[in-house]
Amino acid sequence: MSEQSNGANKPEFWRWQENVWADESRDWRAAKAITVGIDVGSVSSQCVIVADGELYAYNSMRTGNNSPDSAKNAFKGVTEKTGLTLNDVHMVVGTGYGRVNVPFSHKAITEIACHARGANYMGGNGVRTILDMGGQDCKAIHCDEKGKVTNFLMNDKCAAGTGRGMEVISDLMQIPIAELGPRSFDVDVEPEAVSSVCVVFAKSEALGLLKAGYTKNKVIAAYCQAMAERVVSLLERIGVEEGFFITGGIAKNPGVVKRIEKLLGIQAMNTKIDSQIAGALGAALFANTLVTKQGALAPIAF
Amino acid sequence: MIANYGYKDGSGEYYISIDTDRCISCAAGRACLTGCPKGMFENMTDDYDDEVVQVKQQFRRNLAYDCADCKPSGGHASLPCTTACTPGAIKHSW
Ligand code: SF4
Ligand code: SF4
């Protein structure tokens with residue numbers, strides 16, 4: 001992916017790929033239950049449509065200036081792709097830090113429960129430990145075979161080990177964010193992790209390393225290693241069980257994922273589904289269960 | 001469910017964990033709510049519709065400081081929260 005530009009033609013290296021997808025092999029009109037999950041995070045927002053309990057469509061985009069608009073825009077992206085309207089939807093569940101500000105949701109469920117439920121769908125009922133590396137927080141979750149949370153821990157005190165931290169490094173190095181992971185392996189020797197896990201200090205430390213003669217790739221490798229060490233220390237607090245699954249945007253960065261796997265001595269499970277939609281997918285699946293139990297609810301217009 | 005609230009920073013790990021399965025049929029009459037002098041705990045309905053307690057949002061990033069009065073540097077035999085919670089649902093990591 002090449003870098004994009006803003007209006008002033010300044011390259012935006014941090015900008016990750018926004019994505020709209022629908023299952024062209026199915027027709028939502030044939031489904032008995034259409035449910036929606038909206039995940040409004042601090043950095044990205046997703047809308048997922050589930051038809052009869054199966055993933056049907058999604059939109060993943062950057063969070064805008066406010067949560068209600070981000071939720072509406074995320075939903076709008078899917079409606080444009082599928083032709084579906086709010087009147088066709090049987091229930092909407094909001095999640096993420098902006099979950100209480102989704103104007104058309106019937107219920108709000110925490111991202112912890114939703115990520116566990118989404119990971120259970122994406123990775124199967126063998127998933128037991130979930131690491132969610134979101135935009136500005138990081139969560140370690142244990143779940144049972146049904147995707148029900150049994151233990152969780154969340155770090156939202158600083159942006160270290162999160163997508164926002166990676167965006168900062170991408171901009172600083174002037175390298176498109178999708179290239180950071182692969183480039184982190186293109187080094188003569190694996191460097192030590194940057195010593196600071198704080199994004200602000202890591203930034204000045206990264207500049208110092210460049211001045212000291214480190215290549216950009218080596219600085220990126222040192223930052224990926226620091227992120228990996230940071231999240232592994234979080235995971236170690238609750239322990240890691242077999243069936244290890246990573247959700248969130250950083251799951252797409254092999255530079256961090258491979259280093260986490262090495263530190264833990266365990267391989268993360270694979271999925272063909274975009275790791276960033278796990279929370280919204282879980283929310284839509286919760287909505288599907290509620291429709292099955294309680295029946296459909298009238299749409300809340302926005 | 002074990003819910004861990006808190007953080008890890010350069011000075012250490014500061015987590016309060018609550019075994020929420022014990023809160024569902026609390027045998028202590030929710031004594032944690034009044035037992036903590038700072039009022040750090042509150043009732044909530046969790047995502048699975050169980051009535052449990054949680055650490056209030058505003059305390060989760062400052063536990064080392066907020067709990068300091070209960071943990072004098074000379075050491076402590078017991079904490080008001082863990083003493084009040086006779087079902088043994090509350091644990092501190094530090
Ligand atoms: S006293 Fe203990 S078991 Fe009862 S609600 Fe409080 S934390 Fe839960
Ligand atoms: S240590 Fe003291 S301030 Fe901290 S939770 Fe327990 S009772 Fe409250």
Side-chain angles (χ1 to χ4, degrees), chain A residues 37 93-95 97 99-100 107-118 136-144 146-161 195-198 201 229-239 279 282-283 285-287 289-290 293-294, chain B residues 1-26 32 38 40-68 71 79 81-82 85 87-94:
Chain A
V93 166
T95 187
Y97 103 111
R99 62 184 176 275
V100 291
K107 188 177 168 84
I109 296 180
T110 69
E111 56 271 41
I112 291 161
C114 288
H115 272 271
R117 187 79 187 265
Q136 293 216 348
D137 64 32
C138 198
K139 304 167 205 73
I141 304 164
H142 281 178
C143 68
D144 65 14
K146 290 181 177 155
K148 186 178 179 192
V149 178
T150 54
N151 193 338
F152 76 85
L153 181 154
M154 180 161 149
N155 165 45
D156 61 356
K157 191 161 165 143
C158 80
S195 60
S196 176
V197 286
C198 168
F201 292 122
E229 287 178 11
R230 168 82 177 178
V231 296
V232 163
S233 79
L234 189 79
L235 273 168
E236 280 169 347
R237 166 107 208 112
I238 67 165
L285 292 167
F286 267 113
T289 304
L290 288 168
K293 279 187 189 162
Q294 306 167 4
Chain B
M1 182 198 306
I2 310 293
N4 295 276
Y5 300 101
Y7 56 91
K8 178 179 181 173
D9 64 16
S11 66
E13 280 194 31
Y14 307 99
Y15 289 102
I16 294 178
S17 58
I18 302 176
D19 181 349
T20 59
D21 291 344
R22 298 183 194 214
C23 301
I24 296 168
S25 51
C26 175
C32 58
K38 296 261 168 78
M40 281 199 194
F41 301 94
E42 66 182 356
N43 279 316
M44 57 108 65
T45 306
D46 74 8
D47 293 319
Y48 307 103
D49 291 331
D50 290 321
E51 300 293 327
V52 302
V53 303
Q54 64 178 355
V55 174
K56 289 177 187 168
Q57 184 75 41
Q58 69 263 36
F59 293 109
R60 294 179 194 172
R61 297 179 182 194
N62 296 299
L63 294 180
Y65 302 100
D66 287 324
C67 293
K71 300 187 177 200
L79 302 172
C81 51
T82 52
C85 176
I90 300 173
K91 287 193 171 55
H92 287 233
S93 70
W94 77 108

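Note: hydrogens, waters and symmetry copies are ignored here, and every other heavy atom, side chains too, is used. Letters A, B, ... mirror the listed sequences (proteins, then strands); counts begin at 1.
Interface remark: B:S93 contributes backbone and side-chain atoms alike to the contact with chain A (heavy atom separation under 4.5 Å). The contact between A:L234 and chain B is made entirely by side chain atoms (from C-beta outward), counting heavy-atom distances below 4.5 Å.
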Stepwise side chain to side chain contact (heavy atoms under 4.5 Å, CB included) test for A:R237 and B:E13: CA-CA 9 Å; A:R237 166 107 208 112; B:E13 280 194 31; 2.9 Å; yes
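Looking at every heavy atom in both residues, B:D49 comes nearest to A:K107 through OD1-NZ, 3.8 Å.
Here B:D19 pairs with B:I2, B:D21, B:R22, B:A89 under the side chain to side chain contact (heavy atoms under 4.5 Å, CB included) rule; sequence neighbours left out. Under the side chain to side chain contact (heavy atoms under 4.5 Å, CB included) criterion, A:K148 pairs with A:D144, B:Y48, sequence neighbours left out.
If you take CE on A:M154 and OH on B:Y5, they are separated by 10.0 Å, rounding to the nearest 0.5 Å. Interatomic distance, B:N4 CG to A:I141 CD1, rounded to the nearest 0.5 Å: 11.5 Å. Considering CE of B:M44 and OG1 of A:T110, their distance stands at 7.5 Å, rounded to 0.5 Å.
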